[in-house]
Each structure stands twice: as structure tokens, then as C-alpha cells.
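Single-structure report; data block below.
In what follows, residues are counted from 1 in the order of the sequence shown.
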Amino acid sequence: MKFRIDRDVLADAVGWTARSLPNRPSVPVLAGLLITTENNELTLSGFDYETSTRATLAAEVKEDGQALVSGRLLAEIVKSLPAQPVDVALEGTKVTVVCGSARFNLQTMPVDEYPRLPDMPTATGTINASEFATAVAQASAAAGRDDMLPLLTGVRLELEGSTISLLATDRFRASLRDLTWFPESSDISAHALVPAKVLSDTARSLAGGTDISIAVSTGETGDGLIGFEGQVAGGTRRTTTRLLEGEFPRVRQLFAAQPETTAHVTTHSFIDAVKRVALVAERNTPIRLSFTDGAVTLEAGSGDDAQASETIDATIDGNDITIGFNPGYLLEGLSVMNEPVVQFS
């Protein structure tokens, strides 16, 4: 194995692949990043038995071959190299990395002990990369972060015809985001519960491309996998991950209730007001929102404690209402709204 490649392209791809490697691998080889050269292409692969990542790059390949080295160490080394072409070669039991006058030797791990990466399921459809990344960020804001409740750490993808719906909840808030995609079959009906962290990292890493291919293999027809593939500057990236199992809460029905009151406020003005008023809110105490007379008044604190209030304009339709919210949850939801006006119902 021997190749030359641009430092920035290599650093970006190695860093992305290495992010998925486990901090405490069950077997040592899972901390490795598999480097493969073949047909003037360089492939970098990582796998932890749950999630696999694979980056394919164009490179000046001088010898085909494979090597397995510490992924995180390689990422740190490549990131620190000067802005010059990088030469990488397998020499005996070591991989040499040379860039300018810098030279590193990395001990290899046994390639034959590395597990085979899962195949990409058959493509189910495609979606605009930038729109998908935005939708994933919006939906995953409500996903749980408690690993003791793994079911709630996922984002549920519902594929119905030309619509993808993303749903998430951590029991205290819920999110729903619908967007259009281009399925291989117009009558598709499928769902997949994807770990939110993997989904977010993948969507963000592919956002710079044009389209993302999504491929779902449910537990009924395969081994419960979802795959994402897209083109980015420098090459192709592919991720597969096992789906979470369990009965996901009925999030959609929460958004079907008819509101008694609706209010429209300027998003950025409201976010700024929440941040200011929340400064005096004690931990785990709400801020109060009063919607009345064409305005919303935000208040926090009471009694002898520090207090704050602020009023901003609002367009209100319906009865006056006062309601309290966790300011952190409120801000996390507002921060992923990219429209100038937000509606409360």
C-alpha cells in the first residue's frame, strides 16, 4: 500500500471516519481505521459493530494494499501536518506518514481480525443534502440524551410516498418535521428509528453535497439497517447503522390538537428576550409567558429572589393565556427555527 494525497482532503476524511470509532472498544481492532488502496482510490473505513463509516477519495495510488492503524492517532497526526501533499506507505508492520520534513511511523493491527463492514442496503430514495441536514437538526433537538432510555435517543423516520417525517421526543418535549424527498417507489411506506447522534453527524457531514441516498433495510426484510451515502468535496461518504428497536411514543398526535390560542412573534427578538429573562430563573424553574393585548410578557423570579420581566409585540388570535416553560427547552426549540416569525399554539 502506497499513495499520495492532499493534506486537507485526507485530514477531513480521516477526522470524519475516526469520529465514529469507539472510545472503549470491545476488541482492540475496533479502534483501528482500515486504509485500503485500489484502482487509484483510497478508502477509509471504521466500524464498531453498530455503525460503519466509509470515505472513498481520489488519490495518487502507487501500490494497492490494506493497513489497519489507530484511527484517533492518525486523525491527530494528519490534522497537525503542514499544508503539503502527504505520502503514506505500508512498510513491513508499520505505516509511514511523510509530509514535508515531518515523518511518522504507526504500528499496524492485524487486518484479518477486522470485522467485515455491512453492505449498504438497496437504495430507497434520495433527498436534498442541505434540506435534510436542516430537518435533522430541527427534529433531533427534542431527542433524548439518556442512554438508560435508548429508545428515546433516536429520531423516527417515517417514509410515506414522497414525504419523509422526522419525529423525536425525550418525554418533556417533542418535534415533528416533514419534508419532501424522491423515493424509488411512489407507494413506499416504511419507518426506521435511527440513533440521533449518528443521524445528526451523518447529515451534517453530507450537507455540503447535492443529494443523499437513503437506504432502509427493516428488521422484517433484513437485519434492521439504514444507510446514507453522498458526494462531498474530495469523494464519497457512506454510513450505515443498526436501527433502534421498540415501540416509539405516538408523537404525531400531539401536533394534531386544535389550539385555543395562537400567537406570532419575531423569532430573534423572542429568543433574545428569553435569554435575558432566564438569567434570574433558578435551576429547574420556569419562565412565565403571558399572551394578551397584542403582546407577550416574559417573567421569571418571585418573592425576595431576583426578578425580571420583558414585553415584546405579538399577533394574538384567541383567548388570553399565561403558561410556564423550562427556558432551556424553549431556547433549544427556538434555536432550530430558521424563519423570521415563529408561531405559538
Decide yes or no on side chain to side chain donor-acceptor pair (under 3.5 Å) for S165 and R252, but give the supporting numbers first. CA-CA 10 Å; S165 299; R252 186 178 292 275; 3.0 Å; yes
Walk me through whether I316 and T261 qualify under side chain to side chain contact (heavy atoms under 4.5 Å, CB included). CA-CA 7 Å; I316 298 173; T261 302; 4.0 Å; yes
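- Using a cut-off of 4.0 Å between Lys/Arg side-chain N and Asp/Glu carboxylate O, E229 and R237 are scored as not salt-bridged.
- Shown are T126, T202, L199, L206; of these, the side chain to side chain contact (heavy atoms under 4.5 Å, CB included) with F132 is made only by L199.
- Ring centroids of F344 and F325 are separated by 6.0 Å or more, keeping the two rings apart.
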From CA spacing to verdict: side chain to side chain donor-acceptor pair (under 3.5 Å), T108, T93: CA-CA 6 Å; T108 60; T93 61; 5.2 Å; no
Test side chain to side chain donor-acceptor pair (under 3.5 Å) on H191 and E158 and set out the steps. CA-CA 4 Å; H191 60 82; E158 296 182 350; over 6 Å; no
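- E332 meets the salt bridge (charged side-chain N to carboxylate O under 4.0 Å, His left out) test with R145, R173; sequence neighbours excluded.
- Note that the CD1 atom of I271 and the NE2 atom of H268 stand 6.5 Å from one another [nearest 0.5 Å].
- Of all non-hydrogen atoms in A263 and F291, the two that sit nearest each other are CB-CD2, 3.6 Å.
- Donor-acceptor pairing under 3.5 Å is lacking for the side chains of T36 and T43.
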Could you check E91 against R103 for salt bridge (Lys or Arg N to Asp or Glu O under 4.0 Å), going step by step and ending with a plain yes or no? CA-CA 13 Å; E91 298 178 358; R103 181 184 180 92; 3.8 Å; yes
